[in-house]
S.K.: 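Provided herewith is a single structure, encoded as structure tokens, for subsequent inquiry.
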Amino acid sequence: MNRFLIAFFIFVVYTASQIFTFYQLQGHLWNKWIKEHPFIMTLAGVPIGYLVILASRQMVSLWDGQTWPNRIIGFCLGVIVFSFMSWFMLKEPVTTKTAISLFLSFVILGVQLFWK
């Protein structure tokens, strides 16, 4: 399979998993059903966890067996998604500290993706 398609798949799966994790962990703050059904929300994490394992496997193969890029890219996507979701869903303002953290996440992501 084309390296670009694999990378795109990994990006989509990691981003979707971060969004779903946000709903799992923060959804109780605004959604009554999620608050009342934490066990169901926990079980719903199994399929997305499986997809992340598959994506992680592909990511490690893309980086010739290295695990660090996989972890760092996942971390940066998590920071970016969490910041956006907190702003969008919880109406939290983007403070200077959050903006700098987001900027650094984009820089780190760029280093991982484009530095050979």
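Start at 1 with the first residue, then count along the sequence.
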S.K.: Under the salt bridge (Lys or Arg N to Asp or Glu O under 4.0 Å) rule, collect the residues that match up with Lys32, sequence neighbours excluded.
M.R.: Glu36

S.K.: Counting only heavy atoms from other residues, nucleotides and ligands, does the tally under 6.0 Å from CH2 of Trp68 exceed 12?
M.R.: no

S.K.: Is there a path from Phe103 to Ile100 through hydrophobic residues (I, L, V, M, F, W, Y) whose side chains come within less than 4.5 Å of each other?
M.R.: yes

S.K.: Examine Trp87 and Trp30 and state if one hydrophobic cluster contains both, with Ile, Leu, Val, Met, Phe, Trp and Tyr joined whenever side-chain heavy atoms are less than 4.5 Å apart.
M.R.: yes

S.K.: Using modelled atom types only, decide if a donor and an acceptor are shared between the side chain of Thr98 and the backbone of Val94 within a distance under 3.5 Å.
M.R.: no

S.K.: Strictly distance-based, threshold 3.5 Å: is any side-chain N or O of Ser101 a donor or acceptor partner for the main-chain N or O of Lys97?
M.R.: yes

S.K.: How many angstroms lie between atom CD1 of Ile34 and atom NE2 of His28, to the nearest 0.5 angstrom?
M.R.: 9.5 Å

S.K.: Starting at CZ of Phe82, measure out to CG of Leu77 and round the result to the nearest 0.5 Å.
M.R.: 15.0 Å

S.K.: Which residue, Val13, Ile19, Val12, forms the side chain to side chain contact (heavy atoms under 4.5 Å, CB included) with Thr15?
M.R.: Ile19

S.K.: CD of Glu92 to CZ of Phe84: how many Å apart, nearest 0.5 Å?
M.R.: 13.5 Å

S.K.: Within the distance-only criterion (no hydrogens, no angle test), does the side chain of Ser86 pair as donor or acceptor with the backbone N or O of Ser83 below 3.5 angstrom?
M.R.: no

S.K.: Using the rule that two of Ile, Leu, Val, Met, Phe, Trp, Tyr join whenever any of their side-chain heavy atoms come within less than 4.5 Å, decide whether Tyr14 and Ile48 are in one cluster.
M.R.: yes

S.K.: Taking the side chain as C-beta and beyond, is there a heavy-atom pair between Gln66 and Val60 under 4.5 Å?
M.R.: no

